[in-house]
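As the structure lists them, so they are numbered: ligands from 1, and atoms in each ligand from 1. Both backbone and side-chain heavy atoms feed into the values below; hydrogens, waters and symmetry mates do not.
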Amino acid sequence: MKSRHFKDIPEIPYEGPGTDNPLAFRHYNPDEVIDGKTLKEHMRFSIAYWHAFRGVGADPFGPGTINRPWEKGRDQITVAKRRMDAAFEFFQKIQAPFYCFHDRDIAPEGATLRESNKNLDAIVKHARAHQKESGVKLLWGTASLFTNPRYMNGAATSPDAHVFAYAAAQVKKALEVTKTLGGENYVFWGGREGYETLLNTDLKREQDHLAAFMHMAVDYAKSIGFTGQFLIEPKPKEPTKHQYDFDVASGIAFLRTYKLDRHFKFNIETNHATLAGHTFNHEIEVAAAVGMLGSIDANAGDTLLGWDTDQFNTDVRELTLAMVSILRAGGLGSGGFNFDAKLRRPSIDLTDLFYAHIGGMDAYALAFKIARRILAEGKLNEFVKSRYSSYDVGFGRDIEKKKIGFKELEKIAFKLGEPAPSSGRQEYLENLLNTYLHG
Ligand code: XUL
Ligand code: CO
């Protein structure tokens, strides 16, 4: 690998928990073999192109603060290629095996759809060469159906069929390039697929249109031989006041209503979970319960703020709980942990990009190791199992096997009298969790 854009920063080494080198991993040892797989293969970390390489630190009160040296130049395609060179250098130095993008992150939008497609083709060619050379792979692709003003009323849920058609053409192309680049998944995050006011909105028609759009995507993917996993990324609000894919539960209802559930799993984002009033862990469990846990957008919100702050997550307790659920569900399959997280506005240095990802990767790797210990020792699982053990035998088992009804249960209730309550032991379990986290 030629070191051009991050000359002062070496490949981030693993130095273990004792190191005082801030540009080293303390817990993420990519080459460590656990159960026949390296930690790199277990974690499947991915870098989000839009934050790491298109984020400039702008907010509603002021412009960007982050100026990257590779952004200088007039010709947009030349700049896009140079930016991608920097991105692949970063992916390798941070030892992330995957990246993710929206079509418009990697290539500039042109004056016409044809021109945009042409730009995309040029950059995809460049990406392909980089992927081949570096071994870095595409975790998922997606289309930006929310940035351009044409999508201000939504894309698939726009009241204007012309906008729907334009969005369809864009997703068609995005599916093609995701396939070309070997993308393992394709994500639908419904940015602007929602409404601001019901005064101007036909909610039923909009949801019908969204479902029709997804069926078209599934059909088209099949026709071109794209075998990646489709993922829905729920979010309750922002940019619209009400987003249709509110949370995992409403996503399941939507997918089942429109007979799409066979084709989709969920990409769960921590900050979206908390915006929906749930914990990260809750969303994972809801998806896992129906076999629809797909991938993770790894970030964190701020408990005091009501918007999507997309911060790097260093909360090992929260991540350990999430990891226990993910491992119990059998892992993420073709998914991974994608750092959909951005630097704070004053974090303007190149080293900040490294510190941020090192912190996130270490926190996830540590949580993974702790969760494995929790599951191996089995105390938590045993407690939960024994809490439900009355359903393993007798009439409890008959309830689960649907062999019994109200009449028989009434007889049992008369016979057994008042049930004896048993403790939920929450405080004991919280203490137990702390022994894994802090010894
Ligand atoms: C927005 C968000 C998106 C998706 C991809 O909140 O999370 O970046 O991850 O469109
Ligand atoms: Co996301």
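As for D340, its N/O/S atom nearest the Co ion (ligand 2) is the one called OD2. As for E233, its N/O/S atom nearest the Co ion (ligand 2) is the one called OE2.
Counting heavy atoms of neighbouring residues, nucleotides and ligands inside a 6.0 Å radius, atom CZ of R344 exceeds 12 of them.
In this structure, H357 and F339 have perpendicular ring planes: the angle between them is above 60°, well past the 30° mark. The aromatic rings of W140 and H102 sit perpendicular to each other, their planes meeting at more than 60°, with 30° as the lower class boundary.
Looking only at atom types and distance, the side chain of S325 has a donor-acceptor partner in the side chain of N281 under 3.5 Å away.
Enumerated by chain and number, the residues approaching ligand 1 to less than 4.0 Å through a heavy atom are W50, H102, W140, W189, E233, K235, E269, H272, D297, D308, D340.
The Co ion (ligand 2) forms the vertex of an angle spanning OD2 of D297 and OE1 of E269; to the nearest 10 degrees it equals 100°.
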Quick one: do F91 and F98 satisfy ring-ring contact (aromatic ring centres under 6.0 Å, His included)? Show the steps, please.
-> CA-CA 8 Å; F91 302 157; F98 291 100; over 10 Å; no
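To the nearest 0.5 Å, the span separating CE on M214 from CZ on F264 amounts to 5.0 Å.
Classification of D35 and R372 as a salt-bridged pair holds, one side-chain N sitting under 4.0 Å from a carboxylate O.
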